[in-house]
Amino acid sequence: MNLREKKAMQKKEAIMKAAISVFAEKTYQGATLEDVAQRLLMTKGAVYYYFKDKQDLLYQSQVYLLENSLNNIAEIEESDLPAEEKVSQAISQHIEYVIHERTGFESMLSSESILSNEQYEHILRLQNGYEKHFDELIQEGITQGVFIQADIKIVRNLILGAMNWLMHWYSEGGKKSKHELSKMIAFYLMRMVLKTPNDQVES
DNA sequence: CATCGCATAAGAATCATCAA
DNA sequence: TTGATGATTCTTATGCGATG
């Protein structure tokens, strides 16, 4: 990727981030591309230079968020941390990202009706890919004997469900920083799968 | 009251054109 | 040549009075 392409990517990223927050504030239908453009002190013509149309902007924004999540978890998976630590990190990192880009993830829930089938299917594939990474991390813990013999799918959905529900109750003004909070939640969720001393004795 | 037709507005998308 | 502009055209939604 040459310099020019990198620059263009940065610009696209900036537009996508602006779009995510504008869509979150005014809803997709309620927001105009002028709103998005104004946030970056550009004109809507410039937005059309980078994106085919409004729907394309929404689609690419969501792909962008998901791909970032995927990269994050893949990085953790490839690291040489103990399995227990990997899952714990994946959880707290997911939480911090969801809080950080809360608005974008919220709108992902309602985008099914807006995006084309192909677009939505691609989003789903990315989500599945993310879940798969999570499953692999959990499996690792089980194989290494630090987690209980759990049903991976159920455990994964419980963890993801708990994390994604967070965006409904999290508030900026809370006492805990998002870092503290994510660590706490990771701690609680981990207890669902971690072996306790009792488990160790049995097996 | 329902609805038809029309005016108006707002937003989406295109296009000629410009500056760096 | 590329990125960006802003005027424009196209499209859709909204209001609203006239008409049956």
Side-chain angles (χ1 to χ4, degrees), chain A residues 1-78 90 93-134 157 160-174 178-179 182:
Chain A
M1 204 189 272
N2 60 38
L3 185 67
R4 194 167 51 76
E5 282 170 332
K6 276 185 196 164
K7 263 181 149 177
M9 259 316 292
Q10 277 203 351
K11 206 74 190 247
K12 280 186 81 169
E13 273 184 37
I15 296 172
M16 288 189 286
K17 281 186 180 175
I20 287 164
S21 65
V22 172
F23 288 161
E25 273 172 39
K26 307 188 148 189
T27 77
Y28 175 76
Q29 282 86 358
T32 65
L33 290 190
E34 228 160 38
D35 294 334
V36 175
Q38 267 182 21
R39 188 151 306 202
L40 299 166
L41 305 177
M42 21 171 31
T43 56
K44 59 188 171 174
V47 175
Y48 277 100
Y49 183 80
Y50 290 95
F51 297 91
K52 189 173 138 282
D53 52 30
K54 194 183 181 187
Q55 186 178 322
D56 181 47
L57 175 58
L58 174 73
Y59 167 64
Q60 292 205 41
S61 302
Q62 308 219 342
V63 169
Y64 169 75
L65 285 181
L66 279 171
E67 282 183 341
N68 276 345
S69 299
L70 268 166
N71 287 339
N72 288 343
I73 200 168
E75 215 170 283
I76 290 175
E77 194 172 359
E78 283 158 21
Q93 170 220 264
H94 179 104
I95 289 169
E96 288 189 36
Y97 196 58
V98 164
I99 291 174
H100 186 60
E101 298 290 353
R102 179 165 80 268
T103 54
F105 281 97
E106 271 171 30
S107 61
M108 210 175 294
L109 304 172
S110 56
S111 63
E112 180 178 2
S113 53
I114 299 162
L115 299 177
S116 75
N117 282 350
E118 286 156 56
Q119 289 174 329
Y120 190 65
E121 274 164 27
H122 185 215
I123 299 280
L124 284 184
R125 274 200 299 281
L126 290 174
Q127 282 175 358
N128 288 338
Y130 187 77
E131 288 171 0
K132 201 167 143 256
H133 273 102
F134 236 98
N157 281 326
L160 287 177
M163 294 193 297
N164 292 332
W165 185 250
L166 180 68
M167 47 192 182
H168 295 298
W169 59 266
Y170 177 81
S171 70
E172 299 287 347
K178 64 181 183 185
H179 189 68
S182 71

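- Closest to the side chain of A/Asp53, from the set C/dG6, B/dG11, B/dA13, is B/dA13.
- Atom CG in A/Asp56 sits about 14 Å away from atom P in B/dA12, given to the nearest Å.
- Going from atom NZ of A/Lys12 over to atom P of C/dG3 covers 12 Å, rounded to whole Å.
- Distance alone, capped at 3.5 Å, is enough to place a donor-acceptor pair between the A/Asp35 side chain and the A/Thr32 backbone.
- At a threshold of 4.0 angstrom between heavy atoms, the contacts of A/Ala31 are confined to the sugar-phosphate backbone, with no base atom among them.
- A residue-by-residue look at A/Lys44 and A/Lys11 shows that A/Lys11 has its nearest nucleotide of DNA chain C further toward the 5' end.
- Nearest to the side-chain atoms of A/Tyr48 among the listed nucleotides C/dT2, B/dG11, B/dA13 stands B/dA13.
- Ion pairing between A/Glu34 and A/Lys44 holds under the 4.0 Å rule for side-chain N and carboxylate O.
- Rounded to an integer number of Å, the gap from A/Leu33 CG to C/dA4 P is 16 Å.
- Rounded to an integer number of Å, the gap from NZ of A/Lys54 to C1' of C/dT11 is 13 Å.
- C/dG3 atom C1' lies 15 Å from atom CD of A/Gln10, rounded to whole Å.
- C/dG3 atom P lies 16 Å from atom CG of A/Leu40, rounded to whole Å.
- Between A/Tyr59 and A/His122, the angle of the ring planes lies from 30° to 60°, which puts this pair in the tilted group.
- When rounded to the nearest whole Å, the span between OH of A/Tyr49 and C1' of B/dT17 equals 14 Å.
- Between the CD atom of A/Glu34 and the P atom of B/dT14 there is a distance of 16 Å, given to the nearest Å.
- Relative ring orientation between A/Tyr130 and A/His94 is described as tilted, the plane-to-plane angle lying within the 30° to 60° band.
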